[in-house]
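So the structure is just underneath, and the comments pick up after that.
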Amino acid sequence: MIFDKHSKKGAWNPSLKIKNIPHIQEHLVHWYMKNQRQLPWRETHDPYHVWVSEVMLQQTQVKTVLPYYEKFLRHFPDITSLAQADLQAVLKLWEGLGYYARARNFHRAANVVVKEYNSKIPDDPGEFQKLPGVGDYIASAVQSIAFGHPCAAADGNVKRVLARLFQIDAPVNKSASHKLFKSTADKLLASDMPGTFNQAIMELGAMICKPKHPMCDICPLPSFCLAHQARKTDEYPRRTPGKPVPEYHIAAGVVYKEGQVLITRRKPEGLLGGLWEFPGGKVRKNEDAKQACIREIKEETNLVVEVESHLTCVRHAYTHFKIVMDVFRCAYVSGRVKLNGPEDFRWIATEETEQYPFPKANLKFIPLLKN
DNA sequence: AATACGGGGGG
DNA sequence: CCCCCAGTATT
């Protein structure tokens, strides 16, 4: 084991001595050349295209990203068109992809590039990383792939590969571990072809060195892999246990008035920021979902409504909590909309919902709506 | 250093 | 159904 635990808790010996660097690089890149998937963002080095792909691929699997990537580039073929676009249009293309701050930050960053950098994406890792939504990983990935800068990308795939290759015991899900994985990745980086190398090691993590059931029998690196030799691949990467996620009971209402329904827009920041939804909120203790629906709609929109029927119950999991949402069909009774919480509202026909970006939890019941 | 922030896939 | 996965901004 390379990293010996010191007597002090949580301290890991950082004196990394990687062996066989040139061999590992050669085997890895050779494997990648022969086995890489054909992906649309690999057919170009255009920094904007690479950037789009990396923002989407953050926390998200290739299969999910593919259709979003194509659609996004059709609507916004270059940085200028993205900068000029309405945020709502950007969010609509992002609908269902999650982590909507990525879209908001990317849209802001595009405007910074147009205004501050003469519409040229910075060919400089430090400058590029100043942009909103561009952190260590995105900066390294885009700058290495598009411009050939020797920056190692250390995403989850890379950390898993490195943890196994060198039996690194630092937990991958602790922020304090990032430095160690990043510096290890930097040492292993083939700096004469950083873009190819970064993609190669990430591809290995995605296709071979998978979280569960790594395919060591067809891996190009088994003779270098310490975890594999110790028959302990399933013990790496180390991970500190997560916290239990609470479950909330939510009530939401589809308020009908003269053949239209009421939707509200969430504040621009925070959870699902800028997206539209059907009004509602948490069910309190000693309250049933129906009462909560009526109360929340009154609080958020000032409308008095009555519940006509129970439409459906939707379950949805977020990162750090999950919800059970009861959805009611409501009838408008009285009042004028005065917003308290939401940023905006619309009365729309149910077919018009497709023009607005909604959270996944709402998309689960929208098909049930009719005027 | 810990928390907020989606949604998909696998068992 | 529950569990696993994982970059960036914010606190």
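In the text below, chain A, chain B and the rest are named by the order of the sequence lines, each starting its count at 1.
Contact footprint of chain A on DNA chain C: nucleotides with an atom under 4.0 Å from a non-hydrogen protein atom, first to last in 5' to 3' order, dC1(C) to dA9(C).
For the residue pair His178(A) and Lys159(A), a side-chain donor N or O sits within less than 3.5 Å of a side-chain acceptor on the partner. Side chain to side chain, Gln88(A) and Trp276(A) meet the donor-acceptor criterion of an N or O pair below 3.5 Å.
A distance of about 14 Å separates the C1' atoms of dC5(C) and dC5(B), rounded to the whole Å. Taking the P atoms as reference points, dA6(C) lies 15 Å from dG11(B), given to the whole Å. Here, dT11(C) and dG6(B) have their P atoms 15 Å apart, quoted to the whole Å. Rounded to whole Å, the separation between the P atoms of dG9(B) and dT8(C) comes to 23 Å.
Exactly one of Val65(A), Thr64(A), Val62(A), Leu66(A) qualifies for a side chain to side chain contact (heavy atoms under 4.5 Å, CB included) with Met56(A). That residue is Val65(A). Partner of Ser140(A) under the side-chain hydrogen bond (donor to acceptor under 3.5 Å, both in side chains) criterion, chosen from Lys182(A), Gln129(A), His149(A), Glu54(A): Lys182(A).
Going from atom CZ of Arg102(A) over to atom C1' of dA4(B) covers 14 Å, rounded to whole Å. One atom, CG of Leu57(A), and another, C1' of dG7(B), lie 14 Å apart when rounded to the nearest Å. Residue Leu271(A) contributes atom CG, which lies 5 Å from atom P of dC5(B) at whole-angstrom precision. The CG atom of Leu275(A) sits 13 Å away from the C1' atom of dC5(B) (whole-angstrom rounding). Leu91(A) has its CG atom 14 Å from the C1' atom of dC5(B), to the nearest Å. A straight line from CZ of Arg104(A) to C1' of dA4(B) spans 11 Å, rounded to a whole angstrom. Going from atom NE2 of His178(A) over to atom C1' of dA2(B) covers 16 Å, rounded to whole Å. At whole-Å resolution of the value, CZ in Phe321(A) and P in dC5(B) are 7 Å apart.
The 12-atom threshold is not exceeded at CD of Gln61(A), counting heavy atoms of other residues, nucleotides or ligands nearer than 6.0 Å.
Within 4.0 Å (heavy atoms only), Tyr137(A) reaches sugar-phosphate atoms of the nucleic acid but no base atom. Val134(A) comes within 4.0 angstrom of the backbone, heavy atoms only, and of no base. Nucleic acid contact for Gly242(A): none, since no nucleic acid atom lies under 4.0 Å from a heavy atom of the residue. Within the nucleic acid shown, Lys63(A) comes within 4.0 Å of sugar-phosphate atoms alone, with no base atom in reach, counting heavy atoms only. Residue Asn173(A) is classed as having no contact, given no heavy-atom separation below 4.0 Å to the nucleic acid. Note on Thr64(A): only backbone sugar-phosphate atoms sit closer than 4.0 angstrom, heavy atoms only; bases stay farther off. Residue Ala101(A) is out of contact with every strand shown, counting any heavy-atom pair closer than 4.0 Å.
Within the 4.0 Å cut-off from OP1 or OP2 of dG11(B), at least one side-chain nitrogen or oxygen of His213(A) is found. The phosphate of dG8(B) has OP1 or OP2 within less than 4.0 Å of a side-chain N or O from Lys360(A). Between His316(A) and the phosphate of dG6(B), there is no side-chain N or O to OP1/OP2 separation shorter than 4.0 Å.
For Tyr100(A), taking side-chain heavy atoms from C-beta onward, the closest of the listed nucleotides dC5(B), dG6(B), dA1(B) is dG6(B).
The pairing partner recorded for dG6(B) is none, the criterion being a Watson-Crick or G-U wobble arrangement whose two distances lie under 3.5 angstrom.
Between Thr319(A) and Lys243(A), the residue whose closest nucleotide on DNA chain B is further toward the 5' end is Lys243(A). Heavy-atom nearest nucleotides on DNA chain C were determined for Pro132(A) and for Gln59(A), and the one closer to the 5' end corresponds to Gln59(A).
Panel note: side chain Ser144(A), backbone Ala141(A); a donor-acceptor pair is recorded below 3.5 Å.
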Trp51(A)/Leu131(A) under side chain to side chain contact (heavy atoms under 4.5 Å, CB included): CA gap, chis, key distance, verdict: CA-CA 12 Å; Trp51(A) 190 4; Leu131(A) 296 167; 3.7 Å; yes

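Under the 4.5 Å side-chain criterion, counting only non-hydrogen atoms from C-beta, His316(A) is in contact with Lys360(A).
The cationic atom of Arg238(A) (NZ for Lys, CZ for Arg) lies less than 6.0 Å from the six-membered ring centre of Tyr236(A) and within 45° of the ring axis.
Below the 3.5 angstrom threshold, one finds no donor paired with an acceptor across the side chain of Thr60(A) and the base of dG7(B).
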